[in-house]
Amino acid sequence: MKKGSLLTSTSPTNDLLLEKIRLETVLNSLPIGVFIINKDGEFTHMNDIVYEIWGENAFSAKNVYDYRKYIAWWEASGKQLNEDDWAASRALKGESSYGEIIKIQSFDGKLKTILNSASPIYDFEGRIEGAVVVISDITEIKRTEQELQHHKNHLTKLVSEKTLELEKLNKKLQLEIEERDRLQSQIRHLDQLNLVGQMAAGLAHEIRNPMTTIKGFLQFLQNNKEFENSKDIFNLMVDEMDRINDIISEFLNLSKNKRINKKKCCLNDIVLSISPLIEKNFILSDHNFKLNLQPNIPFAFIDENEIKQLILNLVRNGREAMSKGKTLTISTYFTDDFITLAIQDEGTGIKKELIEEISKPFFTTKPNGTGLGLPICYSIVQRHNAKIECKSTSAGTIFYVKFKPTS
Ligand SMILES: Nc1ncnc2c1ncn2[C@@H]1O[C@H](COP(=O)(O)OP(=O)(O)OP(=O)(O)O)[C@@H](O)[C@H]1O
Ligand SMILES: [Mg+2]
């Protein structure tokens with residue numbers, strides 16, 4: 001078949017010939033491939049684009065039924081088209097198809113993506129007389145589409161990665177802000193404690209001297225026959241003097257500049273050295289006491305006596321918050337570069353609105369409390385450059401004290 005030519009061999013009248021020339025001109029000026037077949041499947045018309053798509057030898061085949069020469073696959077499933085699948089042959093059976101996408105192997109060996117539509121042509125009596133098939137090469141469009149999709153996927157991935165990164169940074173920032181606020185409020189408390197400690201240090205010297213004198217005279221008079229019947233009163237007075245002395249000593253513990261003696265120690269050893277005393281108190285008060293010490297934790301640079309006092313204060317608070325039969329646990333472990341001491345009780349917990357208050361000097365909810373136990377703990381923690389955190393629910397309270405290991 002000759003490219004771009006009229007294909008019928010009837011003897012047309014001049015009008016008919018002119019009509020065919022017009023049709024041929026129209027077809028060849030279209031930007032898409034168009035071919036027309038008669039009812040026997042023979043090609044009657046085709047324009048240049050069809051040759052461009054299928055290749056120069058495309059229509060060496062006699063008619064559309066010479067399918068073996070044409071190779072194509074459905075784009076969506078990848079399945080090869082068989083005889084009845086071709087839009088042209090379906091059109092000759094009366095079926096119209098629009099915009100079907102197939103992949104073809106052209107006669108010059110190229111793989112292309114084609115948009116295919118076909119429609120039957122009817123004569124005056126409604127009989128199928130042939131079919132018209134329209135094809136366009138969308139290989140480039142498909143490639144661009146794929147590339148765009150690829151870019152879009154890449155961009156979406158990038159955006160979600162960046163969003164995730166930003167979310168993480170935001171969270172980190174939030175945590176840092178919270179930590180800074182917490183530290184600032186701790187510093188404010190510690191400043192208060194420090195002030196109390198400094199005042200106590202100033203007063204202690206002045207008060208202790210006259211107190212020693214008074215206590216000495218009281219003890220002297222206690223042994224005087226004249227006051228033999230008042231021994232109990234004298235004992236009480238001496239005890240009260242001792243109590244005043246103890247309170248002054250506690251105040252001195254609040255000073256930031258208090259001299260301490262830090263040494264390389266194992267926290268577990270300190271806990272073990274005071275646990276018999278704690279256990280005895282717990283048995284007496286009908287409470288349970290448990291140890292959960294991680295072996296081989298690193299050493300910390302600490303003042304043994306101060307840490308003993310810290311543990312005893314926290315343990316006493318825990319015990320005082322628990323009803324009989326409940327358990328207090330002391331744990332130690334090493335994680336995230338910190339040696340942690342955790343003191344967990346099954347007590348009544350601390351109300352949310354009081355959490356900020358408990359570290360302030362003289363805050364107490366107990367009838368005989370002085371409200372100095374926790375402030376002293378906070379001062380000890382400060383002198384050790386450690387951290388103290390408290391988590392409390394109605395099921396109990398945990399105090400975490402975190403020390404840096406010695407390098
Ligand atoms: N483990 C805990 N469970 C519940 N409440 C607690 C706990 N630890 C502390 N508190 C609350 O914090 C307050 C302050 O504690 P802090 O140890 O400073 O003083 P205190 O125990 O009242 O008196 P003291 O000076 O005799 O220790 C307590 O009165 C109590 O209300
Ligand atoms: Mg206490």
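Please read all numbers here as calculations on a predicted model, not as lab measurements. Counting starts at 1 for both ligands and their atoms, following the listed order. Count residues from 1 along the sequence.
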Undergrad: If hydrogens are left out, which of Y378, F362, F363 has an atom nearest to atom 14 (C) of ligand 1, that is, the closest non-hydrogen atom?
TA: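 Closest candidate by heavy-atom distance is F363.
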Undergrad: What protein heavy atom sits nearest atom 16 (P) of ligand 1, and how far away is it?
TA: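 For atom 16 (P) of ligand 1, the nearest protein heavy atom comes out as L374 N, 3.5 Å.
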Undergrad: For a salt bridge (Lys or Arg N to Asp or Glu O under 4.0 Å) check, start with the C-alpha distance between E125 and R127, then their side-chain angles and the critical distance, and finish with the verdict.
TA: CA-CA 6 Å; E125 280 152 18; R127 285 184 302 239; 2.7 Å; yes
Undergrad: Would you find a donor on one side and an acceptor on the other, under 3.5 Å apart, between the side chain of N224 and the backbone of F227?
TA: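 No; judged by distance alone, with no hydrogens or angles, the pair does not exist.
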Undergrad: Please check if the number of heavy atoms outside F299 that lie under 6.0 Å from its CZ is greater than 12.
TA: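 No.
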Undergrad: Heavy-atom contacts with P375 under 4.0 Å: which atoms of ligand 1 show up? List them by number with element.
TA: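 Those qualifying, in numeric order: 18 (O).
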Undergrad: Can you find a side-chain donor-acceptor pair between N245 and R208 that sits under 3.5 Å?
TA: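 Note: N245 and R208 side chains meet the donor-acceptor criterion.
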Undergrad: Is any NZ, NE, NH1 or NH2 atom of the basic residue among K262 and E306 found under 4.0 Å from an Asp or Glu carboxylate oxygen of the other?
TA: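 Judged by the 4.0 Å cut-off on N to carboxylate O distance, K262 and E306 do not form a salt bridge.
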Undergrad: If you measure from the Lys or Arg side-chain nitrogens to the Asp or Glu carboxylate oxygens, is any gap between D336 and K402 under 4.0 Å?
TA: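 Looking at K402 together with D336, the answer is no, because their closest N to O distance does not fall below 4.0 Å.
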Undergrad: Identify, for atom 31 (O) of ligand 1, the protein heavy atom at the shortest distance, and state residue, atom and that distance.
TA: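 Ranking protein heavy atoms by distance from atom 31 (O) of ligand 1, first comes T365 OG1, 2.4 Å.
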Undergrad: Can G349 be said to touch ligand 1, with heavy atoms closer than 4.0 Å?
TA: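 Right, G349 reaches ligand 1.
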Undergrad: Counting the benzene-type ring for Trp, do Y70 and F107 have ring centres under 6.0 Å apart?
TA: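 Yes, they do, as the ring centres are separated by less than 6.0 Å.
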Undergrad: Do me a favour and list the nearest non-hydrogen protein atom to atom 25 (O) of ligand 1 with residue, atom name and distance?
TA: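 Looking only at protein heavy atoms, the one closest to atom 25 (O) of ligand 1 is T370 OG1, 2.5 Å.
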Undergrad: With a 4.0 Å cut-off, would you call E100 and R90 a salt bridge?
TA: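 Yes, charged N to carboxylate O under 4.0 Å.
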Undergrad: I'd like to know if R180 pairs up with E176 as an ion pair, taking the criterion as any Lys NZ or Arg NE/NH1/NH2 lying under 4.0 Å from an Asp or Glu carboxylate oxygen.
TA: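 Salt bridge: no.
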Undergrad: Run the ring pair (Phe, Tyr, Trp, His ring centres under 6.0 Å) test on F338 and F403 for me, step by step, so that the C-alpha distance in whole Å, both residues' side-chain angles and the decisive distance to 0.1 Å come before the verdict.
TA: CA-CA 6 Å; F338 281 106; F403 300 92; 9.5 Å; no
Undergrad: Does this structure show an ion pair linking E240 with R243, if we count only N-O contacts that are shorter than 4.0 Å?
TA: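 Yes.
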Undergrad: Under 3.5 Å between some N or O of ligand 1 and some N or O of L372?
TA: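 Looking only at distances, the answer is yes, because the N/O contact criterion of under 3.5 Å is met.
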Undergrad: Starting from atom 1 (N) of ligand 1, which protein heavy atom do you reach first, and at what distance in Å?
TA: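 Looking at atom 1 (N) of ligand 1, the protein heavy atom closest to it is D345 OD2, 2.9 Å.
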Undergrad: For atom 23 (O) of ligand 1, what is the nearest protein heavy atom, given as residue, atom name and distance?
TA: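 It is G371 N, 3.3 Å.
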Undergrad: Tell me which protein heavy atom sits closest to atom 12 (O) of ligand 1, plus the residue, atom name and distance to 0.1 Å.
TA: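 Nearest protein contact, heavy atoms only, for atom 12 (O) of ligand 1 is I358 CG2, 3.2 Å.
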Undergrad: Report, in ascending order of atom number, the atoms of ligand 1 lying under 4.0 Å from any heavy atom of R316.
TA: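 Near R316, the atoms of ligand 1 are 26 (O), 27 (O).
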Undergrad: Can you tell me the protein heavy atom closest to atom 21 (O) of ligand 1 and the distance?
TA: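 Sorting protein heavy atoms by distance from atom 21 (O) of ligand 1 puts K366 NZ, 2.7 Å first.
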Undergrad: Closer than 2.8 Å to the Mg ion (ligand 2), which protein N, O or S atoms?
TA: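 Listed by chain and number, the nearby protein N, O or S atoms are N317 OD1.
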Undergrad: List in chain and number order the residues that pass side chain to side chain donor-acceptor pair (under 3.5 Å) with K352, two or more places apart in sequence or in another chain; answer none if no residue qualifies.
TA: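 Not a single residue meets the side chain to side chain donor-acceptor pair (under 3.5 Å) criterion with K352.
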Undergrad: Specify the protein heavy atom at minimum distance from atom 22 (O) of ligand 1: its residue, its atom name, and the distance to 0.1 Å.
TA: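 Minimum-distance protein heavy atom for atom 22 (O) of ligand 1 reads T364 OG1, 2.5 Å.
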Undergrad: Can you tell me if N317 and K366 form a side-chain donor-acceptor pair at under 3.5 Å?
TA: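 Yes, because at least one side-chain N or O of N317 sits under 3.5 Å from a partner of the opposite role on K366.
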Undergrad: Find all atoms of ligand 1 within a distance of less than 4.0 Å from any non-hydrogen atom belonging to A321, and give their numbers and elements.
TA: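 In order of numbering, the contacting atoms are 3 (N), 4 (C).
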Undergrad: Please determine if E165 and K168 form a salt bridge, counting it only when a charged side-chain N lies under 4.0 Å from a carboxylate O.
TA: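 No, no charged N to carboxylate O under 4.0 Å.
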Undergrad: Please could you name the atoms of ligand 1 that G369 approaches to less than 4.0 Å, counting only its heavy atoms?
TA: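 Listed by number with element, the hits are 23 (O), 26 (O).
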Undergrad: Given N317, I350, I355, L354, which one has a non-hydrogen atom that is nearest to atom 6 (C) of ligand 1?
TA: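 Result: the heavy atom closest to atom 6 (C) of ligand 1 is in I350.
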